[in-house]
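What you see below is based on every heavy atom in this structure, not just the backbone, and it leaves out hydrogens, waters and symmetry mates.
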Amino acid sequence: KGYPMQLVGIIAACLTSFAFYPQVVKIYRTKSSKDLSLGSLWQMAAGISLWIAYGIYLQNYIIILANVTALLAFLSALVLHYRYTR
């Protein structure tokens, strides 16, 4: 019961944590974020922040680490968005 499902959680965490990084790289390379919805970025950042809070509540380091990693990607996208829309 324990170990196999924990491995599934770790794999899922890795996949979702790094899923947005290719988008950040694309924004950086093209110097454009015109196709991104700023509202959806803020909504996703809020949701990820709540996942972090939930992970802290559960003391589940997989949830915490996965979502901190994902939040860093979204914050990077937000910084690049504001940088390239000026």
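- Pairing each heavy atom of A77 with each of F20, the nearest pair is CB-CE2, 3.4 Å.
- Note that OG of S76 is 14.0 Å distant from NE2 of H81, once rounded to the nearest 0.5 Å.
- Grouping the Ile, Leu, Val, Met, Phe, Trp and Tyr side chains by contacts below 4.5 angstrom, directly or via other members, places I62 apart from V68.
- Counting non-hydrogen atoms of neighbouring residues, nucleotides and ligands closer than 6.0 angstrom, the NZ atom of K34 reaches no more than 12 such neighbours.
- Hydrophobic clustering, with ILVMFWY side chains joined whenever heavy atoms are under 4.5 angstrom apart, keeps L65 apart from I56.
- Of all the heavy atoms in A73 and V24, the pair that sits closest is O-CG2, 3.3 Å.
- At a threshold of 4.5 Å between non-hydrogen side-chain atoms, the residues Y82 and L38 count as touching.
- When the side chains of ILVMFWY residues are joined at heavy-atom separations under 4.5 Å, either directly or via intervening members, M44 and I64 end up in a single hydrophobic cluster.
- In this structure, I48 and I52 have side chains that are in contact, with non-hydrogen atoms separated by less than 4.5 Å.
- Nearest heavy-atom pair, S17 versus A66, reported as atom, atom and distance to 0.1 Å: OG-O, 2.8 Å.
- A distance of 6.0 Å separates NZ of K26 from CG of D35, quoted to the nearest 0.5 Å.
- Side-chain contact between Y28 and Y84: present, with at least one pair of heavy atoms (C-beta onward) separated by less than 4.5 Å.
- Rounded to the nearest 0.5 Å, atoms CG (N67) and OG1 (T16) are 6.5 Å apart.
- Residues A19 and P22 come closest through the heavy atom pair O-CD, 3.4 Å.
- Here the side chains of W51 and L71 are not in contact, with every heavy-atom distance at 4.5 Å or above.
- Side-chain contact between N60 and Y54 is absent, with no heavy atoms from C-beta onward closer than 4.5 Å.
- Remark: the backbone N or O of L36 is not paired with any side-chain donor or acceptor of S33 at under 3.5 angstrom.
- Under the 4.5 Å side-chain criterion, counting only non-hydrogen atoms from C-beta, I63 is not in contact with Y57.
- A heavy-atom distance below 4.5 Å is found between the side chains of L72 and Y21.
- Counting only heavy atoms from C-beta outward, the side chains of L7 and I11 approach each other to under 4.5 Å.
- Y61 and I10 sit in two unconnected hydrophobic clusters of ILVMFWY residues. Membership requires side-chain heavy atoms under 4.5 Å apart, directly or through other members.
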